[in-house]
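Take a look at the structure below.
Throughout, protein chains are lettered first and strands after them, A, B, ... in sequence-line order, and every chain is numbered starting at 1. Keep in mind that the numbers below use all heavy atoms, side chains included, and drop hydrogens, waters and symmetry copies.
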2 protein chains.
Amino acid sequence: MIKIVTIKDIAKATGCSPSTVSRVIANNSRISEKTKQKVRKAMQDLGYHPNLTARNLVVQSTKTIGVIMPSSADKSLQNPFFAEVLRGIGSYFHQEQFSILLSTGQTEQEKFKEVERMVLGKYVDGIILLYSRLNDPIIDFLKEKDFPFVIVGKPLEYKNEIVHVDNDNIKAGKDITAYLIENGHRRISFIGGAADLVVTIDRQKGYEMALKEAAIPVLKEYALHTEFLKSGGREAVEQILKLEVKPDAIVVSDDLISVGVISMLEEYGLKVPEDISLASFNNIYFSEIIKPALTTVDIQIYQLGVESAKAIIKMCMNQKLTRKRIIIPHDIVYRESVRLKK
Amino acid sequence: MIKIVTIKDIAKATGCSPSTVSRVIANNSRISEKTKQKVRKAMQDLGYHPNLTARNLVVQSTKTIGVIMPSSADKSLQNPFFAEVLRGIGSYFHQEQFSILLSTGQTEQEKFKEVERMVLGKYVDGIILLYSRLNDPIIDFLKEKDFPFVIVGKPLEYKNEIVHVDNDNIKAGKDITAYLIENGHRRISFIGGAADLVVTIDRQKGYEMALKEAAIPVLKEYALHTEFLKSGGREAVEQILKLEVKPDAIVVSDDLISVGVISMLEEYGLKVPEDISLASFNNIYFSEIIKPALTTVDIQIYQLGVESAKAIIKMCMNQKLTRKRIIIPHDIVYRESVRLKK
DNA sequence: CTGTTAGCGCCTTCAA
DNA sequence: TTGAAGGCGCTAACAG
């Protein structure tokens, strides 16, 4: 083991006290420039670096945030969404010198244990939840402990108490459906991910609103749900194809599902957008490179990350947030999957 | 601020000393069952939880590992590969009570600073690098400090000194190419990601070996490289289509690129596998749901994660590793993108 | 089997 | 502008 250089060594080397060295590190204003220079030089020479653990212990803060992913047992993690939020979070954290402690639990159980450990062990200053589900014991726990946390997405309960960063998914659903309608589509179907996800619900709600406004009847059999990724929306397509009056357009709640839907459609000899139009959400990297390129709602995933990072850091610093609900604007990216009106 | 329950409080409440309490936490064998019970009860009642920071400080270890992603500026992060390794790492870490500190740097510069902070600040016990590139100052730094680290992938230099977890990509390249040859293909092209990535190089090497063994000439103009994700292999395809003698099969170094290649091929009126066969690597979720489903080499990404986790933890515990190079086996998943010999 | 004592490396009053 | 002293919460000898 190589000698560890501590604050004391610097003190000794420069002939001043540990507290002075500490103040130089903090760049305290009432230390003379001369001593600062001297101390800094010694730190260089001896290769000093502050021990973060020791500092964290005394300041009672770690400047690290626990980021909780959905249970990683399922494949939903392969959704580029998460990498992208993480990137957004990271970019802001970096400039604020915060770190990400990533949760790794495979089950709800495991995740809960981890959060408990992080929080009770005072290993993190705050938590970002990258998902939102009903009856989440983690949320209850965090609320009860009054521990700083923010949700990316929309909480199902306590909407007005929990800080969350979200899109206006209802409006997004409405916008994209309206676009389909504008282009002459009338029999519009909806394929959503897991029915209990709030995103799905909101987007579907918007879809229905748009139909109503255009005086198009909302048909129950036109709305389908499929596991977020599983079998890529295959069953959904099969159901649709069984319908008597087949839709001429589909709103799909996630680009990833769209990929599966398109494959399946093709298998049945239907071409997008010639035979049926398709519009979805998220605008992940894939949306652009597959054939046909997806017309999709860009929800600014990266920005969702950045804003959640800003929010949690503010909370950790005990700054007040002006609002609990932070909305990231969306906009439609027009590509090839929608047949246009001539 | 609510009262923080410390070890001393438990000591006071139970009438024993802090060290006894500490020993109960560690489940030390020479504490009587009676005291253990008593202490544990008090911990329950007062809601005690060990402060991890304090413990870390004294034991000089954090049980957390810094995991470094590639510079997140580019889109390569959207490759599901990373989510999947992370999942593998997490699963093993969880059972060993280790945590992941995720690096978030957007540039090489930023990443280096972060690693330096983690390492010098003794905030992590080890590092896992999720990529490998030439002249990486991070590797030099880690090596110089003699700090425990493992690379997922193959280091370009010091192969025999750096612990790394990798596939036998040369063999994988050879295997998949041989499969193409077996099925009657002769004019086989290679499309790789960034030419300076070791994976690319290795897979291409294997591709060439297979050709040679089958006495098929290796043509320079048949090997192309494209940015890992950028424009999804479009230019690559254009180049191929300009060739006088067009290939009847392509080996693509990443499933993600394949998606772009297929789109492009279709745009030019070529169908996979009828007109041209395609085989690639990684077997990500997508490979299965796109049309045609990809014949691809499954490299067991999850397992790469697990093994790198095992390795770094061993190193942190000063256990010797039997070998520096840990190979995860691969196997071919046969699907629809290759035209079979009748 | 248990208590006492000394730190881990740092920051922060308080006093000079 | 600086130093001395105490403590953050925990563990690990060393005693007994």
Side-chain angles (χ1 to χ4, degrees), chain A residues 1-40 42-43 46-63 97 117-125, chain B residues 1-40 42-43 46-63 97 117-125:
Chain A
M1 196 66 180
I2 311 153
K3 171 87 184 95
I4 290 177
V5 185
T6 77
I7 241 178
K8 282 186 195 161
D9 299 315
I10 306 296
K12 215 164 286 172
T14 55
C16 58
S17 78
S19 36
T20 301
V21 179
S22 176
R23 286 192 263 254
V24 173
I25 294 168
N27 201 16
N28 189 309
S29 57
R30 35 184 217 194
I31 295 286
S32 72
E33 264 314 312
K34 218 175 80 191
T35 3
K36 277 189 184 173
Q37 302 281 307
K38 189 175 58 182
V39 170
R40 290 206 179 107
M43 299 199 309
L46 303 191
Y48 169 80
H49 264 267
N51 181 312
L52 299 178
T53 306
R55 167 182 295 166
N56 290 347
L57 179 59
V58 30
V59 302
Q60 303 275 40
S61 142
T62 57
K63 292 190 80 164
Q97 300 245 55
R117 211 178 104 91
M118 289 181 188
V119 172
L120 267 11
K122 300 191 180 48
Y123 207 41
V124 296
D125 291 351
Chain B
M1 196 63 181
I2 312 154
K3 170 86 184 97
I4 289 177
V5 185
T6 77
I7 238 177
K8 281 185 195 163
D9 299 315
I10 306 297
K12 216 164 285 171
T14 55
C16 60
S17 77
S19 40
T20 301
V21 179
S22 176
R23 285 192 263 254
V24 173
I25 294 168
N27 202 14
N28 190 309
S29 57
R30 37 187 216 190
I31 295 285
S32 73
E33 264 314 313
K34 219 174 77 187
T35 3
K36 278 189 184 173
Q37 301 282 306
K38 189 174 58 180
V39 170
R40 289 205 180 108
M43 300 200 306
L46 303 191
Y48 169 80
H49 263 269
N51 181 312
L52 298 178
T53 306
R55 167 182 297 165
N56 290 346
L57 179 59
V58 33
V59 301
Q60 303 275 40
S61 141
T62 58
K63 292 187 84 163
Q97 301 246 54
R117 213 179 101 91
M118 290 181 188
V119 173
L120 266 12
K122 298 186 183 50
Y123 206 41
V124 296
D125 291 351

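B:Ser17 has a side-chain polar atom (N or O) that falls below the 4.0 Å cut-off from OP1 or OP2 of C:dG3. B:Gln60 has a side-chain polar atom (N or O) that falls below the 4.0 Å cut-off from OP1 or OP2 of C:dG9. Contact annotation: B:Tyr48 reaches the phosphate of D:dC10 (side-chain N/O to OP1 or OP2, under 4.0 Å).
Computed from coordinates, the B:Leu120 CG to C:dG9 C1' distance equals 15 Å when rounded to whole Å. Atom CZ of A:Arg55 and atom C1' of C:dC8 are 16 Å apart (whole Å). As a whole-Å value, the separation of A:Asn56 CG from C:dG9 C1' is 11 Å. With rounding to whole Å, A:Lys8 atom NZ is found 13 Å from D:dA4 atom C1'. Per the geometry, NZ belonging to A:Lys12 stands 18 Å off C1' belonging to D:dT2, to the nearest Å. Distance B:Asn51 CG to D:dG9 C1': 6 Å, rounded to the nearest Å. Put simply, CG on A:Leu57 is 17 Å from P on C:dG7, counting in whole angstrom units. The separation between A:Lys38 atom NZ and D:dT2 atom P is 8 Å, rounded to whole Å.
Projected onto DNA chain C by closest heavy-atom contact, A:Ile7 and B:Gly15 fall at different nucleotides, the more 5' of which corresponds to B:Gly15.
The side-chain heavy atoms of B:Lys38 and B:Val24, taken from C-beta on, include no pair separated by under 4.5 Å. B:Arg55 places a side-chain heavy atom less than 4.5 Å from the side chain of B:Ile25.
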Stepwise side chain to side chain donor-acceptor pair (under 3.5 Å) check, B:Lys36 with B:Asn27: CA-CA 8 Å; B:Lys36 278 189 184 173; B:Asn27 202 14; 2.9 Å; yes
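Counting all heavy atoms, side chain and backbone alike, A:Tyr123 lies closest to A:Thr62 at O-OG1, 3.3 Å.
In the model, A:Ser17 has a side-chain atom that pairs as donor or acceptor with a side-chain atom of A:Thr20 under 3.5 Å.
Within residues 18-37 of chain B, the residues approaching DNA chain D are B:Ser19, B:Ser22, B:Arg23, by heavy-atom distance under 4.0 Å.
Once rounded to the nearest 0.5 Å, the distance linking CG of A:Asn51 with CG of B:Leu120 reads 10.5 Å.
Distance alone, capped at 3.5 Å, places no donor-acceptor pair between the B:Lys12 side chain and the B:Ile10 backbone.
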